Amino acid sequence: MTRSLHLDRCTLQRSAGVLVWVPVLLLGPLLSLPDGLVPTLAAVALVLVLAASATSAALGQPGLAGPALLVLALAVLASTAFGAGWLPVWVLLAITSPTVLRGRWLLAGLALVVAGSVLAAWALGVDGTTLQVQGFVVSLSGAATTSFVRLTETVEELRRTRTELANLAVAKERERFSRDLHDLLGHTLSVMVVKAQAVRRLAASDPAAAAEHAADIEEVGRSALIDVRQAVDAMRAPSLSEELAGARRALEAAGIRATVVGEPQALPSGTEEALAWVVREGSTNVLRHSGAARCRIELSDGAERVTLTVRDDGVGGPRPPAGRQGGLEGLRRRMLAAGGQLEAGPDENGFRLVASVARDGR
C-alpha cells in the first residue's frame with residue numbers, strides 16, 4: 001500500500017510537469033483553425049485527440065501509456081496538414097516522450113521527434129531562422145522534461161529509501177530493547193525467585209537468615225528498576241566484575257556451588273560489556289534450566305583474546321521458543337557486534353557456554 005501511494009504521488013508530480021503545458025501548446029492550433037466547417041471540425045477533433053493522448057501518456061497508466069504515445073505521434077504527424085501554426089504540437093510530443101520511454105528508446109525517440117519537427121517546418125516552407133528555432137526548442141524541451149522526470153523519480157526513490165531506513169532503525173531499536181529487557185530482567189527475576197524460595201524455606205527455622213534474604217530481594221528489586229531505566233535510555237553498560245560477583249551470590253543462594261576463576265583486567269568498554277552480558281545470561285540459564293549442583297565461571301585474559309567459560313554439571317541448556325530475541329541467540333548477536341563469537345552446548349559433564357572476543361574489541 002505504501003509503495004503504491006509513493007508511485008501514485010511520483011506519477012502525479014511527473015505528469016503535472018507535462019500536463020501544465022498541454023493547453024499552452026494547443027492554444028496555437030486553436031488560433032489557427034482553417035476556414036470551412038469540415039476542416040474546422042477536423043482540426044478541433046485533432047486537438048482533442050492530441051490533448052487526450054498526451055494526457056493518457058503522461059499519466060503513465062499501465063497498458064495505456066505506450067499506445068497513447070503512439071496515437072500522439074500519429075496525430076502530430078497529421079497536424080502538418082493544417083499549417084505552420086500547428087508546429088508547437090511537436091514540443092508537446094517531445095515533452096511527453098520522457099514520461100513513457102526510457103534509456104535508448106527515449107534517446108532514439110527524441111532524435112526522431114527533433115528530426116520530424118525540422119522536416120515538418122521545412123515542408124511548410126518556413127524561413128531558415130524559424131527552422132533552427134523549431135529544432136532547438138523541440139530538442140531543449142525534450143531534454144528539460146527528461147531531466148525533470150528523472151529528478152522527480154530520484155527524489156521519490158530517496159524518500160522511499162529514507163522511509164525504509166527509518167523503519168529498519170525502529171525495528172533494530174525494538175530488537176535491542178527486547179534483548180536488553182530479557183537479559184536484564186531474566187537474571188534479576190531469577191535471583192528474586194531463588195531468594196524468595198530461600199525465605200519460604202528458612203522462615204520457620206531461621207528467621208534471621210530469611211530476613212537477610214528478604215532484604216536482598218528488596219535490594220535486587222531496586223537495582224532492577226535502575227537497570228530498566230538505564231536500558232530505556234540506552235545507557236546500560238554492565239560491569240564485568242559486578243556481574244561476576246552477582247552471579248556468585250545468586251548461584252550460592254540457590255544452593256549451587258559457584259567457582260569463579262580469573263580476575264577481569266583493564267578491558268575496552270565494548271569487550272567488557274559483551275562479556276558481562278555473557279556472565280549474566282549464563283548464570284541465569286544455570287539458575288533456571290540446569291538443575292546443577294556446581295557451576296564454574298572461568299575468565300582467561302590472554303594477550304590477544306579474552307575467553308569466558310561458564311560450565312555446569314546440570315541437565316542441559318535452555319530451549320527458547322522460535323523467534324525469541326533474547327537468550328542465547330541474543331547473546332550471539334551481542335558477541336558478533338563486539339567482534340567475538342559464542343559457543344554453547346552440552347559436554348560430558350553438563351552444559352558449557354564459551355564466549356571469546358579480541359582483547360582490543362576488533
Side-chain angles (χ1 to χ4, degrees), residues 11-60 64-153:
T11 300
L12 290 175
Q13 292 175 345
R14 180 186 62 197
S15 59
V18 175
L19 297 179
V20 69
W21 294 104
V22 172
V24 177
L25 296 173
L26 293 181
L27 183 62
L30 289 175
L31 295 176
S32 303
L33 294 177
D35 297 330
L37 180 60
V38 174
T40 299
L41 292 177
V44 171
L46 186 58
V47 168
L48 293 176
V49 171
L50 289 167
S53 58
T55 301
S56 298
L59 290 176
L64 294 179
L69 183 63
L70 179 59
V71 171
L72 177 62
L74 295 176
V76 169
L77 286 174
S79 69
T80 307
F82 293 98
W86 288 65
L87 286 176
V89 298
W90 286 94
V91 176
L92 181 61
L93 179 59
I95 65 174
T96 306
S97 298
T99 64
V100 180
L101 303 177
R102 296 289 186 275
R104 296 179 180 178
W105 289 101
L106 176 58
L107 184 62
L110 289 178
L112 289 175
V113 172
V114 173
S117 67
V118 172
L119 289 175
W122 176 78
L124 292 172
V126 300
D127 58 72
T129 301
T130 304
L131 193 68
Q132 294 176 5
V133 170
Q134 177 70 15
F136 175 76
V137 170
V138 172
S139 59
L140 181 61
S141 301
T145 306
T146 300
S147 300
F148 173 76
V149 169
R150 298 301 175 266
L151 179 61
T152 301
E153 293 174 346

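What you see is a predicted model, and the numbers here were worked out from it, not measured in a lab. Hydrogens, waters and symmetry mates are skipped; everything else that's a heavy atom, side chains included, is used.
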Enumerate, atom names and distances included, each donor-acceptor pair closer than 3.5 Å involving a side-chain atom of residues 78-95, sequence neighbours excluded.
unit_1	atom_1	unit_2	atom_2	d
S79	OG	V76	O	2.4
T80	OG1	L77	O	3.1

Q: Please report the closest heavy-atom contact between L19 and A54, naming both atoms and the distance.
A: CD2-O, 4.4 Å
(Q) Can a donor-acceptor pair be found, under 3.5 Å and without considering hydrogens, that links the side chain of S56 to the backbone of S53? (A) no
**Q.** Exercise: identify the closest heavy-atom pair between P34 and A43
**A.** CD-CB, 3.7 Å
Q | Which atom of A75 lies closest to which atom of L50, heavy atoms considered | A | CB-CD2, 3.4 Å
Q. Given side chains that start at C-beta, do those of T96 and T99 come closer than 4.5 Å, heavy atoms only?
A. yes
Q. Is S97 close to L69 at the side-chain level, that is, under 4.5 Å between some pair of heavy atoms?
A. yes
Q.
Taking side chain to side chain contact (heavy atoms under 4.5 Å, CB included) as the definition, give me every residue that meets it alongside D127, ordered by chain and number, with sequence neighbours left out.
A. T129, T130
Q.
Looking at every heavy atom in both R150 and P98, which two are closest together, and how far apart are they?
A. NH1-O, 3.6 Å
(Q) Testing the basics here: between L26 and A51, what is the closest heavy-atom pair and its distance to 0.1 Å? (A) CD1-CB, 3.7 Å
Q: Answer whether the closest heavy-atom distance between the side chains of T146 and L106 falls below 4.5 Å.
A: yes
(Q) For G135 versus V118, what's the shortest heavy-atom pair and its separation? (A) CA-CG2, 3.7 Å
Q: Starting at CG of L70, measure out to CG of L72 and round the result to the nearest 0.5 Å.
A: 9.5 Å
Q: Drop me the distance from E153's CD to F148's CZ, to the nearest 0.5 angstrom.
A: 10.5 Å
